[in-house]
Amino acid sequence: MADVQPGTEAKAQAPLVKVRDLKMYFPIHSGLFRTHTGNIKAVDGISFDIMPGETLGLVGESGCGKSTVGRAILRLYDLTGGTVEINGFEIAHVDRDSLRSKRPMMQMIFQDPQASLNPRMTVASIIGEPLDEHMKLTANERLARIYELMDWVGLNREFAKRYPHEFSGGQRQRIGIARALALNPKFIVCDEPIAALDVSIQAQVVNLLEELQNRLNLTYLFISHDLSMVRHIADRVAVMYLGRIVEIASREKLFAEPLHPYTQALLSAVPEPDPESERNRRPIVLQGDVPSPANPPKGCNFSTRCPKVMDVCRQIEPGVYDFGEGRQVACHLYSESMTTTAEPTAGERTN
Amino acid sequence: MTDVPAVVPAKPDTSGRSQWWDVWDQFKTHKGALFGAAVFLFIVLAVTIGPLLWPLEPTYIDIRSRNIGPSMAHPFGTDQLGRDILARMMAGGQVSIAVGLTAMLISVVLGAFIGVVAGFFRRLDGFLMGLTNLFLALPLLPLLLVMVMLFRETLARSFGPEMGTFILIVSAIGITSWMQTARIVRGEVLALKEREFVLAARSIGTPSRRMIIRHILPNVLSPIMVSATLGIATAIITESALSFLGLGFPPDFPTWGRLLFDAIDYLQQYPERVFWPGLAISLTVLSVNYIGDGLRDALDPRIRGR
């Protein structure tokens, strides 16, 4: 499988997805009168760009806000703050009708293929739903398009009248992928699309995603907690911790030389396939638990568990330090050698 | 891995067979449902065609042959005024089944609508559930009494006394029995709304109206079906309670509930008189329950074809 090499197809392209200072707070209501007593800061001010044809991997542990980012970008939630621009259209604050006309260019593939398909609809009506909503097709054109999509994802055409429960997990995920592709989207959020699948099926689905990306020139935001899978599919990787991006870099750089202490700990936890090196692996074991997003610590979010914590980390929120070539780290360790950048950049192509 | 996955030569399912045939096939495998359907059909035919074949009028009074037991001339016997009970059962069945079905329809449509809207639109939830609790807290009989007092005359004038009473009773029962359905449906919708396929539909841009029709309603069909079948029983029994209180149909107008209550006075001397309307009500309710059970299974693709 050939990966899409960054910088090969276009030199000075504008980013397809531009996220700036995205904030998503969920209100907490408590007490007798259900008064608003606080916020769960699921996503607390993150910014990144995704170039056309690129795959950005978004990794982090459970509950750090990965899925919320994916859903917020597609406006499945009403954002607390920040802007999201997809293909030049600002979608974070537009009204319902103009948002609806923009829906075809951005789609989503869900984690649980069982829950993401309506159990009472046939495969044909599931894949055809986006066509019904956004295109005016005759019955024959619609059926032809459904069959074409089923061919793309490797589903037998004979299955068109079957129901989701008659399929295996991998086949169900293929139905979900066909639905996401129905409207020729440019940008697809893959929200842990392989996490619920058997390991032997994961590779098939990931290869299918890569193949479709090459053929249709898709752009992915690939959310996952499986670092080896992200290493396989992503061009660039963003690491999240407690609602913030702590490090974003190209795949090679991030896996070769992680800079943020959290990234270092995360990567050291990945098991080695080679038993010899696995024996010599020294994982960095973090102490304690992730703080509650309702009450994040003062200063750096990671300061409660960081092995390299300094006094300044507990006082001041770290700025974003730019290492060039699209590599950015939010950590005080690098404050001496670097200057903060106001605007995040999106990889070498923008430089 | 780069080649297109092998596709079996396109041989799509072109047997223009609609899924309603699958539903019927599944329904046929449910023994209870088939039996229930047969019994219900028999009851409906008996009360609609029966009066045309049976020579005796339900209101014909023959005082000399009162209180006689089952015989060839009167298979179910006669009552204290010598009226033929079989004829009264058939006439009463028409009214009772019509009231039961219509009142159930009203209450289920109302309950499902309020439940779905309350569950789906968070903004309306507080108000609609408050309304539901308000209706649950109302004492029903006094409310029905007031409704009958207020509207009986007006309705009787515009639709005739019998049709007027029918409309009044059906709507009175309908709008006082939707609350359970609404609460059950709301709970189901709240759970369903968080499922990923609803999120997927939202990411497609499906508007709320079609989202409800396409994704929510088919998936809350089971609880709606259950409350509908139970609702028929409640409606028939409530109607008889109303008739008993003198708020329903006129005293000489037979319904199953009315016959039941009339027979209670003679329970000591002629116990079989309670038996006939009781049996009819029970059989109707039971058969409708079984039909509902079979229909619910047949409409669920996960059970169908097993």
Side-chain angles (χ1 to χ4, degrees), chain A residues 1-2 71 74-76 96 99-104 106-108 110-122 125-126 129-130 132-134 143 147 150-166 176 179-180 182-183 189 191 203-204 207-208 210-211 214-215, chain B residues 1-23 26 122-123 125-126 191-222 296 298-306:
Chain A
M1 270 330 275
R71 292 174 182 188
L74 296 189
R75 256 302 281 283
L76 296 179
R96 197 174 289 254
L99 182 66
R100 189 175 134 79
S101 63
K102 299 287 177 289
R103 286 282 184 205
M106 48 189 194
Q107 287 293 313
M108 188 157 187
F110 291 90
Q111 173 176 7
D112 185 353
Q114 167 90 56
S116 67
L117 305 175
N118 186 343
R120 287 179 186 262
M121 284 165 81
T122 60
S125 50
I126 289 171
E129 187 186 0
D132 296 341
E133 286 300 327
H134 289 281
L143 199 64
Y147 285 153
M150 290 178 76
D151 291 349
W152 281 0
V153 299
L155 279 172
N156 193 325
R157 289 183 179 199
E158 284 180 53
F159 296 160
K161 280 200 174 175
R162 296 203 185 168
Y163 289 89
H165 72 273
E166 298 171 70
R179 171 177 59 190
L183 294 169
V189 174
D191 185 4
Q204 287 180 20
N207 286 337
L208 174 68
E210 288 193 319
E211 183 191 306
N214 287 344
R215 187 182 330 172
Chain B
M1 285 308 293
T2 42
D3 59 339
V4 182
V7 175
V8 175
K11 198 180 56 132
D13 183 7
T14 47
S15 63
R17 189 183 146 94
S18 93
Q19 58 171 335
W20 292 108
W21 282 108
D22 295 341
V23 172
Q26 173 66 29
R122 178 175 287 207
R123 231 172 299 157
D125 189 20
L192 215 55
K193 212 172 61 166
E194 300 305 319
R195 296 279 297 274
E196 283 185 335
F197 66 82
V198 174
L199 215 55
R202 194 169 301 149
S203 82
I204 286 165
T206 309
S208 302
R209 185 166 43 87
R210 282 201 285 275
M211 187 103 81
I212 287 171
I213 291 170
R214 199 179 289 153
H215 296 290
I216 303 287
L217 269 185
N219 283 294
V220 292
L221 208 61
S222 302
R296 193 190 59 204
L299 287 174
D300 190 338
R302 281 163 296 191
I303 294 171
R304 204 190 302 153
R306 226 177 242 172

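The chains referred to below are lettered A, B, ... by the order of the sequence lines, with proteins before strands, and numbering in each begins at 1.
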Q: In terms of heavy-atom proximity below 4.5 Å to chain B, should A:Q111 be classed as side chain, backbone, both, or neither?
A: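 Looking at A:Q111, backbone and side chain both touch chain B.
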Q: Could you tell me which portion of A:M106 (side chain, backbone, both or neither) has an atom closer than 4.5 angstrom to a non-hydrogen atom of chain B?
A: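 For A:M106, backbone heavy atoms alone lie under 4.5 Å from chain B.
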Q: Select one option (side chain, backbone, both, neither) describing which atoms of A:L76 are under 4.5 Å from chain B's heavy atoms.
A: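 Contact with chain B is through both the backbone and side chain of A:L76.
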Q: Does the side chain to side chain contact (heavy atoms under 4.5 Å, CB included) test come out yes or no for B:I204 and A:R103, once each step is laid out?
A: CA-CA 6 Å; B:I204 286 165; A:R103 286 282 184 205; over 6 Å; no
Q: Within this structure, what is the CG-CG distance for the pair B:L221 and B:L299, rounded to the nearest 0.5 Å?
A: 5.5 Å
Q: Run the ring-ring contact (aromatic ring centres under 6.0 Å, His included) test against B:H215 and tell me which residues pass, sequence neighbours left out.
A: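 ring-ring contact (aromatic ring centres under 6.0 Å, His included) list for B:H215, sorted by chain: B:F197.
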Q: For chain B, find which of A:E166, A:R75, A:H134, A:E133 contributes the most heavy-atom pairs closer than 4.5 angstrom.
A: A:E133
Q: A:R162 versus chain B, heavy atoms under 4.5 Å apart: side chain, backbone, both or neither?
A: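 Neither part.
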Q: At a heavy-atom distance under 4.5 Å, which candidate from B:A200, B:S203, B:P207 has the highest pair count against chain A?
A: B:S203
Q: Show your working on side chain to side chain contact (heavy atoms under 4.5 Å, CB included) between A:M108 and A:F110 and close with a plain yes or no.
A: CA-CA 6 Å; A:M108 188 157 187; A:F110 291 90; 3.9 Å; yes
Q: Less than 4.5 Å to any heavy atom of chain B: does that hold for the side chain of A:R179, its backbone, both, or neither?
A: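 The side chain, not the backbone.
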Q: Before you tell me yes or no, could you show the steps for B:T206 and A:D132 under side chain to side chain contact (heavy atoms under 4.5 Å, CB included), namely the whole-Å CA-CA distance, both residues' side-chain angles and the distance that decides it to 0.1 Å?
A: CA-CA 9 Å; B:T206 309; A:D132 296 341; over 6 Å; no
Q: Mind running salt bridge (charged side-chain N to carboxylate O under 4.0 Å, His left out) on B:E196 and B:R202 for me, showing each step along the way?
A: CA-CA 10 Å; B:E196 283 185 335; B:R202 194 169 301 149; over 6 Å; no
Q: Tell me, side chain or backbone of B:R214 under 4.5 Å from chain A's heavy atoms, or both, or neither?
A: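 For B:R214, heavy atoms of backbone and side chain both lie under 4.5 Å from chain A.
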